[in-house]
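Report on one structure; see the data block that follows.
In the text below, chain A, chain B and the rest are named by the order of the sequence lines, each starting its count at 1.
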There are 2 protein chains.
Amino acid sequence: METQSTIDAARAIFGDRLSLNANIRETHAHGEANAATSLPDAVVFPESTEEVSRLLRLCHATDVPVTPFGAGTSLEGHVTPVRGGISLDLTRMNRVLEVNDADLDGRVEAGVTRRQLNTYLRDHGLFFPVDPGADATIGGMCATRASGTTTVRYGTIRDNVLGLRAVLADGTVIDTGGRVRKSSTGYDLTRLLIGSEGTLGIITEVQLKLYGIPEAIGAAVCGFADEHAAVAAVIEIMQTGIPVARIEFADTAQMAASIAYSKLDHLTAGPTLMFEFHGSAQGVAEQGAMAEEIARAHGGSGFAFATETEARNRLWRARHDAYWAARAAYPGMGAFATDTIVPISRLAEAVSLAREAVTRSGLEACIVGHVGDGNFHVLILYPEGEEGRAKAWELDREIVAQALALGGAASGEHGVGLGKREFLPREHGAAALGVMRAIKQALDPRGILNPGKMFLD
Amino acid sequence: METQSTIDAARAIFGDRLSLNANIRETHAHGEANAATSLPDAVVFPESTEEVSRLLRLCHATDVPVTPFGAGTSLEGHVTPVRGGISLDLTRMNRVLEVNDADLDGRVEAGVTRRQLNTYLRDHGLFFPVDPGADATIGGMCATRASGTTTVRYGTIRDNVLGLRAVLADGTVIDTGGRVRKSSTGYDLTRLLIGSEGTLGIITEVQLKLYGIPEAIGAAVCGFADEHAAVAAVIEIMQTGIPVARIEFADTAQMAASIAYSKLDHLTAGPTLMFEFHGSAQGVAEQGAMAEEIARAHGGSGFAFATETEARNRLWRARHDAYWAARAAYPGMGAFATDTIVPISRLAEAVSLAREAVTRSGLEACIVGHVGDGNFHVLILYPEGEEGRAKAWELDREIVAQALALGGAASGEHGVGLGKREFLPREHGAAALGVMRAIKQALDPRGILNPGKMFLD
């Protein structure tokens, strides 16, 4: 590794867009939540695919690690440059390159954020539905196979990308997929790169599916006796084929926190489902009525429905403010979110088991979930300090193990990064993991792309 | 290569499920349509993943090629064992292994066919939507990334597979994905295998998404002045977000053939759209009314709508019988279908260009299309014999080149096989093709899995 000479060579390309500044290096030393911190030797801000390619050619020749960085909202340590080297900050590649109204598609640079894109699209009457909550970059969402609250209707980022431009370890630029809605020619390199967390290539441009803004949006909230009744209602709603755009679950602890924080005295602090419906005015009203009928059949109470923006926002406030409400309910405590997913038939059981594990641990927790997918987050609240954090970490490990035992996955949407590496063999098996390693070896034999992530060495 | 000794060793495992019979070898020498024929040295009928694994271990040790075979409905020569060796017929692996009503998923062996599965699912009130027309095996549909008329609503097979079991070249068995609706851990080996045409592994089991049978189904037919008006109507329908389950196009030649063949005197021999709507009774009626309004705004005429099964079938007969109607209209002629796809904004242009190419060629053709995806098929009708076939082949090449020039793909749903190999560099570029070859080399270094397909040597 010849880090200094590589930085010198890179400076000749990037000028003052290569930074050694201590503050800038520090903000590129970690994402959110995951405690791991490691300073890059330098931070580089490319403005084009060609510049990314030139940088990678340099780093490839000298074995200098490259760790891509977007909005820095990763929760699993993806952006931490554990072996130093270059942090490749893509946020200056933030142009919307094209929007094709007739084809319902568009092309963006990797550093465009989700909210920036949706603001841009509003005048076209279009939107991009994948919503992980954080204002992540589209490139980062691709790299981590992000999803969120709308997956039940619109799918994950995986389902909404038509093609990519990416730079391989040696600087080679590839285009995958294209503008067509489907193709049956060649290996699906688009899906191979999505979720590869920067370990196979650096995504620089993304061709996305877009959608017409729905004519009408409806929201609803409904309380249930317990998580089993709530999940049973969700299962029947899915079986009936009601095309819900979002179905979110919040448990008693979360609802108590949200009611206190957001002054939602009209709600009850019990297991709750929140719905969003997209469609025509008539269609949304029908979806709401059908969901209400099913919810009531499962003992749901206090079903409230609204279509006006303000009233809808009031119904969803508990969900929107969930994180801050939980933090406020447990002042002075640290917090981090688990991210497991199980088949929906096991979801109520998984939530119950997680709650039991929380109780055993002596920590506090609020639980929310993208219940239509079987994905849920336990926001663990722990006493600040090393001991508290260690207990929270241990609890997280236990909840992941529970999910895997129920046929689930170690992460529904946050990714592997540093935090979930140990679970890959158990989730995928040694043989499949061997294939992943063989692909990594074939495409990045020198191991310069986001080293230390995804695989335990 | 020690083919004879390998066959002897395989016979010890498979007994009379290994065949050297001339007729059986001949039926495994080709698929449909593509003229390429090559006899396998033997045909083997495994009944379990373990048997597939044992066979591959043998063949891997001796460099004997293995070409998987399902229903044999491939149109691009995928199943032709161009280098001899073993034809691996998976049709005895035809058990539905599980159906999970609550999770809307199920697991099948690779040899289960689409119709067999849907017959099985009927008692559960469920269905599997991917419909390529032919009664293909689910494994074959995965291998070729199949799709068909329902893609516009339900996606391709790629979007409807949760996980796979597959056997690698050396006999290693891997499980990919799982039962969860999404996971953000690890490389997406499921999507890597889907569309890999048996060149990376042999798919033996498939975990599928399933759907509740819709409460109501509606069908509609509408004529247009030309393909531009028809496509403009489709674009507006998509932008409006009407969740059409199918939108099919048929051109004047196809409609003339269909009207004559199926005695559909109530229809007009002009560019026509056929719709199918899935949903609640009220939802289907609303979708039909919205589609009609848009169709009329684009000059559509004779809009007919029905929800009763018999009336629906009557409206869709032109599409169902399209192939046979075209064959009957041009008696004694050979036929084969092109399979290109373009962004929908270029679809009318692509169809016009294809028609002009047909006219120049002096051949005949009927055009149908999965117009919601931009995918269309020109059924080329040519005088039987070598010269006619060569002209048809040349015309096919021209239509593919036209699609690629419009930003399209060489195949929307039929795959590469032997027939589309020459177009891969143009569609994907040399760099992306290099990545595909590197993956092939990493996973099948001895090249025993379906050799000669996908890549031109």
Please determine, among [options], the option with the most heavy-atom pairs under 4.5 Å with chain A.
options	result
A442(B), G212(B), P343(B)	P343(B)
L424(B), T240(B), V435(B)	V435(B)
N100(B), L192(B), L104(B)	L104(B)
T172(B), I439(B), T156(B), L189(B)	L189(B)
D103(B), D188(B), V416(B), I174(B)	D103(B)
L433(B), T199(B), D339(B)	T199(B)

* **E286(A) and E286(B): CA distance, side-chain angles, deciding distance, side-chain contact (heavy atoms from CB on, under 4.5 Å) verdict** => CA-CA 11 Å; E286(A) 191 194 19; E286(B) 191 193 18; over 6 Å; no
Quick check for you: among [options], which has the greatest number of heavy-atom pairs under 4.5 Å with chain B?
options	result
D101(A), T185(A), V180(A)	T185(A)
S280(A), G201(A), G417(A)	S280(A)
A232(A), G178(A), G429(A), S147(A)	S147(A)
G415(A), A438(A), A410(A)	G415(A)
Q239(A), Q282(A), K420(A), R179(A)	Q282(A)
G241(A), G412(A), G283(A), A432(A)	G412(A)

What part of [X] gets within 4.5 angstrom of chain A, counting heavy atoms only: side chain, backbone, both, or neither?
X	answer
V152(B)	neither
Q287(B)	neither
H278(B)	neither

Under a 4.5 Å heavy-atom cut-off, does chain B meet the side chain of [X], its backbone, both or neither?
X	value
L168(A)	side chain
Y211(A)	neither
L443(A)	side chain
M454(A)	side chain
E197(A)	side chain
F423(A)	neither
T340(A)	neither

* Taking all non-hydrogen atoms of both residues, which atom of M436(B) and which atom of Y187(A) are closest, and how far apart? ->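 Minimum heavy-atom separation between M436(B) and Y187(A): O-CE1, 3.3 Å.
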* For E413(B), salt bridge (charged side-chain N to carboxylate O under 4.0 Å, His left out) partners two or more places apart ->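 Counting only residues at least two positions away or on another chain, E413(B) forms a salt bridge (charged side-chain N to carboxylate O under 4.0 Å, His left out) with K182(A).
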* Could you go through the side-chain hydrogen bond (donor to acceptor under 3.5 Å, both in side chains) check for S411(A) and S184(B) one step at a time? => CA-CA 6 Å; S411(A) 175; S184(B) 58; 2.9 Å; yes
* Hey, does R181(B) have a side-chain heavy atom less than 4.5 Å from the side chain of T151(A)? -> no
* Asked: If we ignore angles and hydrogens, is there a donor and acceptor under 3.5 Å between the side chains of T176(A) and H428(B)?
  -> no
* Could you walk me through whether S183(B) and E427(A) pass the side-chain hydrogen bond (donor to acceptor under 3.5 Å, both in side chains) test, one step at a time? => CA-CA 10 Å; S183(B) 162; E427(A) 182 177 338; 3.1 Å; yes
* For atom CD of E293(B), is the number of surrounding heavy atoms from other residues, nucleotides or ligands below 6.0 Å larger than 12? ->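 Atom CD in E293(B) is not crowded, with 12 or fewer foreign heavy atoms closer than 6.0 Å.
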* Can you name the residues of residues 369-377 of chain B that have some heavy atom under 4.5 Å away from a heavy atom in chain A? -> H370(B), D373(B), N375(B)
